[in-house]
Number of protein chains: 2
Amino acid sequence: MTRQAPTLEDVAREAGVSRATVSRVVNGVRNVDPAIQDAVRTAIRSTGYAPNRAARSLVTRRAETIALVVSGAGDDSETEQNAFAARALADPFFGRVVSGVVGFLRPRSMYPVLMFAETEAARQQVVAYLRQGSADGALVFSTRAEDPLPALLASEGLPCALFARPLPQAPVSFVDVAHREGAQLAAEHLLGRGCRRIATVAGPLELPAAQDRLAGFRDTMARHGRPWIPVAEGRFTVDSGAAAMNRLLSEHPDIDGVFAANDLMAQGACEALRESGRRVPDDVAVIGFDDSSAALACRPPLTTVRQPVQEMAATMARLLQEQIEGIRTEPTSVVFDAELVIRDSA
Amino acid sequence: MTRQAPTLEDVAREAGVSRATVSRVVNGVRNVDPAIQDAVRTAIRSTGYAPNRAARSLVTRRAETIALVVSGAGDDSETEQNAFAARALADPFFGRVVSGVVGFLRPRSMYPVLMFAETEAARQQVVAYLRQGSADGALVFSTRAEDPLPALLASEGLPCALFARPLPQAPVSFVDVAHREGAQLAAEHLLGRGCRRIATVAGPLELPAAQDRLAGFRDTMARHGRPWIPVAEGRFTVDSGAAAMNRLLSEHPDIDGVFAANDLMAQGACEALRESGRRVPDDVAVIGFDDSSAALACRPPLTTVRQPVQEMAATMARLLQEQIEGIRTEPTSVVFDAELVIRDSA
DNA sequence: TTGAAAGCGCTAACAC
DNA sequence: GTGTTAGCGCTTTCAA
């Protein structure tokens, strides 16, 4: 058996002071005699003391833990549930979100609890988890439209912050990128390099992000005298991007510029173009969106509209933290600028 | 302000019983009168009671939480630390590990806490986290050789289970796949389809997995009268696989079969072969390892050696859980069979 | 089968 | 500046 872990009491005895004093030193509360501080610290070292999180949480009423919830649509089968997790993590986007979140939390000695909410039962588990005080709040990364989770959390009064604006509007904080302006950058770049037959591979149009990117692209083209452009819809995956590109090519073989609403679809578009015997960017220029790892993995490397995902994710965590601490009481949104990253594909 | 959360006491009062009885009902302890059970359950519903995790943990001495640690090498810069997380999650392998772990934990209402341990400071944070009782044990997914974390956890007496055999041997449980036998399957398949000039792209040879795959491949080739085969080393990434393939081709342009030690490198090899004007599998057959999402994303889809990653990860979680519960006291290893999945590349 | 009561390890209000 | 003390909400003997 492992010997019993030392408690505050043990340290106090060792240092010849009271529990309260040790607690003050551990928590860095001022008004403690430097000499006593030293004695306490020595005792902490010699006993190998580590504060017990449960005991602390019980009195502070804080778990000092936040949940990172990947929300989406899925059916109830067990296979599907497991597949959902794998699929979500496979998205290069998600890695950067985690990275940004961890970048914010780690200096605070906090770590995210990873949860998946793709069914009603799973959503209820998330709510239960938070209501038990297992976590102080939730960061929600939604991969579907009409996600009921944000509104559910809001109605339960549970702190949360979202990555991207929720579609059924809900009174919760979120971060987002300026999709329309990002798409505008893409449109202007294609026009600027002289493309005449321009088309776009849109994302799933039930998602606000996909809608906004398409709208921004269309508006800009219209403002430049091109009121109508061919559109094919994909599902933000490589395969769907390739398929959409093929559909566009079959109807408009003379396309010389394409804006895909994310990098994965841009990658698929590049593959489809290559297989059709076209060169990128010489015959057709391609621009993606996100600047995810797929942009660099793609041949040729993608010119793309960059979202500062890590920074956005860190801000999302900060918004949540401020809400938990009661510093912030009203839902807040922070929208980041997009930026064009020019590589080889356009 | 949110109203105070209801406690056991509140439920007890509402149901007209004692705290102890409510606790028994909540925890499903037998010996409670069915009528009283009903009354208690009604009271739980009407009060909206949710058990407080901290209070429970304090007395049970269980966090009912486990850490999922991605361990690896990195420098101390903040940029690098964040990059590490993004890189780890970008590996298609990791998503399946998470998926398997979550598949085991979720039915138990547990969720993994995601931690990264790429520096000494980060490793100490992991140890501190466990010693505080924030988590009951750690699942370690190591991306480097000579990882000091397993031995560190073992020496602190902290429960842990690893994905893959640790290189500096440590007295900890782990799951693994039969790398040598898997490589043997690949070798035999290439030989069976008539390849005469066979080479291999090995993984980073400081990793036991890479060593074992190479050894298994070499041994099998030797047993079939080919004591020497060209080897180029990669780093388990697409780019390094392409580079390794190019090195092999420059010295042995007549290669007609390649075994890459993982799918990402196999994908890179396919790209390099295509760029050199060779067709896969007609001119050169390619076999990967893992059966990760990269195997399907690759053109052509990869014939590969499948590791049952999800099952392995679930077993790893089970080994840890049993250790935490004290059911299992000795370090245990479980090694899974590999399986050849035949697609188009060989 | 149920209740009373002790106590898990900690923080924080209050007294000194 | 430091100590005393009262809980935080729960599980778990022990008695009844």
Side-chain angles (χ1 to χ4, degrees), chain A residues 2-41 43-44 47-65 109 128 130-134 136 325, chain B residues 2-41 43-44 47-65 109 128 130-134 136 325:
Chain A
T2 325
R3 71 182 183 296
Q4 196 58 261
T7 71
L8 265 193
E9 187 72 55
D10 299 319
V11 178
R13 198 178 318 113
E14 177 88 8
V17 297
S18 75
R19 284 213 306 278
T21 301
V22 178
S23 174
R24 289 185 187 109
V25 173
V26 169
N27 295 297
V29 178
R30 61 183 174 291
N31 294 343
V32 178
D33 186 292
I36 293 195
Q37 285 198 33
D38 276 352
V40 170
R41 270 189 249 282
I44 287 176
T47 51
Y49 171 76
N52 179 295
R53 131 110 51 158
R56 178 179 285 176
S57 283
L58 185 55
V59 39
T60 60
R61 297 164 168 290
R62 283 280 168 69
E64 297 294 341
T65 292
S109 292
L130 292 166
R131 296 217 325 134
Q132 292 183 74
S134 301
D136 301 319
E325 288 174 355
Chain B
T2 324
R3 69 181 185 298
Q4 198 57 259
T7 71
L8 266 193
E9 187 72 55
D10 299 320
V11 178
R13 197 178 318 114
E14 177 90 6
V17 297
S18 72
R19 286 212 304 277
T21 301
V22 179
S23 173
R24 289 185 187 109
V25 173
V26 169
N27 296 296
V29 178
R30 61 183 171 292
N31 294 343
V32 178
D33 186 291
I36 293 194
Q37 287 198 31
D38 278 352
V40 169
R41 270 189 250 282
I44 287 177
T47 52
Y49 171 75
N52 179 295
R53 132 109 50 156
R56 179 178 284 176
S57 283
L58 185 57
V59 37
T60 60
R61 298 162 168 292
R62 283 280 168 70
E64 296 295 342
T65 292
S109 291
L130 292 166
R131 296 217 325 134
Q132 291 184 58
S134 302
D136 301 319
E325 287 174 355

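Since the structure is predicted, the reported quantities are computational estimates derived from the model, not experimental observations. Note on naming: letters A, B, ... go to the chains in the order of the sequence lines (proteins, then strands), and numbering restarts at 1 for each one.
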Which of these nucleotides, [options], is closest to any side-chain atom of [X]?
X       : options               : answer
A/Leu8  : D/dT4, C/dT11, D/dC10 : C/dT11
B/Ala55 : D/dC14, D/dC10, D/dG3 : D/dC10
B/Arg19 : C/dG9, D/dC10, D/dG3  : D/dC10
B/Thr7  : D/dT11, D/dG9, C/dC10 : D/dG9
B/Ser18 : C/dG9, C/dC10, C/dA4  : C/dA4
B/Asp33 : C/dC8, C/dA5, C/dT2   : C/dT2

Calculate, to the nearest 0.5 Å, the distance between atoms [atom1] and [atom2] belonging to [X] and [Y] respectively.
X       : Y       : atom1 : atom2 : answer
B/Gln37 : B/Ile44 : CD    : CD1   : 10.0 Å
A/Arg56 : A/Glu64 : CZ    : CD    : 8.0 Å
B/Ile36 : B/Arg24 : CD1   : CZ    : 10.0 Å

Exercise for the section: Return yes if a side-chain donor-acceptor contact under 3.5 Å exists between A/Arg53 and A/Thr65, otherwise no. Expected result: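 Their side chains do contain a donor-acceptor pair, which is all the 3.5 Å distance test asks for.
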Handout entry: D/dT11 phosphate, OP1 or OP2, under 4.0 Å from B/Ser23 side-chain N/O
Key =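 For D/dT11, OP1/OP2 do have a side-chain N/O of B/Ser23 under 4.0 Å.
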Exercise for the section: Would you please confirm or rule out a distance under 4.0 Å between OP1 or OP2 of C/dG9 and any side-chain N or O of A/Asn52? Expected result: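 No, A/Asn52 has no side-chain N/O under 4.0 Å of OP1/OP2 on C/dG9.
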Practice task
Indicate, with a heavy-atom threshold strictly under 4.0 Å, whether A/Arg61 touches base, sugar-phosphate, or nothing.
Solution key: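 It contacts sugar-phosphate atoms only.
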Practice task
Look at all strands and tell whether A/Val17 reaches a base, only sugar-phosphate, or nothing, counting heavy atoms closer than 4.0 Å.
Solution key: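 Since only primed, P, OP1 and OP2 atoms lie under 4.0 Å of A/Val17, the category is sugar-phosphate.
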Practice task
Would you mind telling me which residue lines up with the more 5' stretch of DNA chain D, B/Ala50 or A/Thr21, judged by nearest nucleotide?
Solution key: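 Taking each residue's closest nucleotide, the earlier one in sequence belongs to A/Thr21.
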Practice task
Specify the residue among B/Asn31 and A/Ala54 whose closest nucleotide of DNA chain C lies further upstream toward the 5′ end.
Solution key: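 Taking each residue's closest nucleotide, the earlier one in sequence belongs to B/Asn31.
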Exercise for the section: Between B/Gly16 and B/Val59, name the one whose nearest nucleotide on DNA chain C is closer to the 5' end. Expected result: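 First, find each residue's nearest nucleotide; the 5'-ward one identifies B/Gly16.
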Handout entry: Side-chain-base donor-acceptor pair under 3.5 Å for A/Arg53 and C/dG9
Key =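 By the distance-only test, no, there is no pair.
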Practice task
Answer whether the closest heavy-atom distance between the side chains of B/Thr7 and B/Asp10 falls below 4.5 Å.
Solution key: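 Yes - at least one pair of side-chain heavy atoms lies under 4.5 Å apart.
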